[in-house]
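Heads up, the thing below is written out as structure tokens.
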There are 2 protein chains.
Amino acid sequence: MTKEMPPKIIIPADPEHQALRFNRVREAHQTETAEDYVELIADLIETQGEARVVDLATRFGVSHATVNKVILRLNREGLVVNKKYRSLFLTDEGRELAAKCRERHQVVTDFLKAIGVPDDIAELDAEGVEHHVSAETLKIFKAFTRKTRKIS
Amino acid sequence: MTKEMPPKIIIPADPEHQALRFNRVREAHQTETAEDYVELIADLIETQGEARVVDLATRFGVSHATVNKVILRLNREGLVVNKKYRSLFLTDEGRELAAKCRERHQVVTDFLKAIGVPDDIAELDAEGVEHHVSAETLKIFKAFTRKTRKIS
DNA sequence: CTCAAAGTGTAGCCATGGCAACAAATTTGA
DNA sequence: TCAAATTTGTTGCCATGGCTACACTTTGAG
Ligand SMILES: [Mn+2]
Ligand SMILES: [Mn+2]
Ligand SMILES: [Mn+2]
Ligand SMILES: [Mn+2]
């Protein structure tokens, strides 16, 4: 990384350029589990008072064993605090990430609705799309939604 | 699954409804490797005359061993035909999927550019987003791009 | 024609995130 | 209170898609 790239001309068919795209998608996949987990944990703490393994399992549609394994990783990565047989908490870093993800999720959902996607479909699509939208695109989404709302 | 759900009212905070969203994302992840592979194989056959393992590796930014393993799966799934030490071919099903994915990829890229996302960023984002966009949303993307093009 | 380089295949390792089955702790309600 | 139900934890299995190292085949330059 950080080779010298003087004028940085992008040739779309350039193999290395293509590799960059796929690398970025793979990176997104690395982080998206963590993102969805901290987001849902934050939501549960707000709406239910606490985040329990069994609720995460139901909401994600996976077994509690799977949740447990992921939580172990998130703990290792410093996003989640868990004491045995107790409900889950977020670290400061986890809370920060959750806030960022919730905001982003909302921007994507609102945008899809703004361009006319039915609410239920917008919510389905946003769950996946959110993890692949760059900051620049997000900004454009936000501006578009704002503009549309002023009109209507 | 397939419990009786008479009027099917969607409550956004409903845990089962939430599980549906995440299940859909997981399904997309199951298929997206296959999608990107057949799309790139089709492109290489068109532009280079043949699709070779080493080119796929370069374009995806992974080792040739990884490509080989994925190709094995795609062969098992009836999308790719490969003879030892020979270049890769698509089955009819593979070609069909490739065409569908290329079209979808193009629609997403064009849409992002149409709403003002810079070309290079649009191409980055599209590579991930394409796999999470429903048919309904795609239709709306297409209509929006068409409309925008008429204006400009 | 030869043989070195390039390409391909394979084995074995890893991390992630699925699962079922079983074990342990906690909570609940009779 | 205390036993049953619920929740949580753990183990061991699987598939995917990463990697390196090494083996084999094909290709092409000299
Ligand atoms: Mn989300
Ligand atoms: Mn998501
Ligand atoms: Mn694509
Ligand atoms: Mn893609």
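The chains referred to below are lettered A, B, ... by the order of the sequence lines, with proteins before strands, and numbering in each begins at 1.
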In whole angstroms, how far is the P atom of dT8(D) from the CG atom of Leu88(A)? 8 Å
Distance in Å, His105(A) NE2 paired with Thr109(A) OG1, rounded so as to fall on 0.5 Å steps: 4.0 Å
Atom-to-atom span, CD of Gln30(B) to C1' of dT16(C) - whole angstrom: 13 Å
Do the rings of Phe60(B) and Tyr37(B) sit parallel, tilted or perpendicular, given the 30° and 60° boundaries? parallel
Separation of dT8(D) atom P from Tyr85(A) atom OH, nearest Å, is 10 Å
Once you round it to whole Å, what is the distance between P of dG17(D) and CD of Glu32(A)? 14 Å
Take the protein atom CZ of Arg26(B) and the nucleotide atom P of dG17(C), then report the distance between them rounded to whole Å. 11 Å
Check this for me, if you would: do Arg73(A) and Glu77(A) make a salt bridge, where the nitrogen-to-carboxylate-oxygen distance has to be below 4.0 angstrom? yes
Can you check whether Lys84(A) has a side-chain N or O nearer than 4.0 Å to OP1 or OP2 of dT26(C)? no
Quickly work out the Leu74(B) CG to dT16(D) P distance and round it to whole Å. 10 Å
Strand contacts (DNA chain D) in residues 43-73 of chain A, 4.0 angstrom heavy-atom criterion: Arg52(A), Val53(A), Val54(A), His64(A), Ala65(A), Asn68(A), Lys69(A)
Is the shortest side-chain N to carboxylate O distance from Asp110(B) to Lys142(B) below 4.0 Å? no
Verdict with supporting geometry, Leu88(A) and Arg52(A), side chain to side chain contact (heavy atoms under 4.5 Å, CB included): CA-CA 6 Å; Leu88(A) 307 168; Arg52(A) 294 161 55 248; over 6 Å; no
Picking from dG9(D), dT27(D), dT16(D), the nucleotide nearest the side-chain atoms of Arg76(B) would be dT16(D)
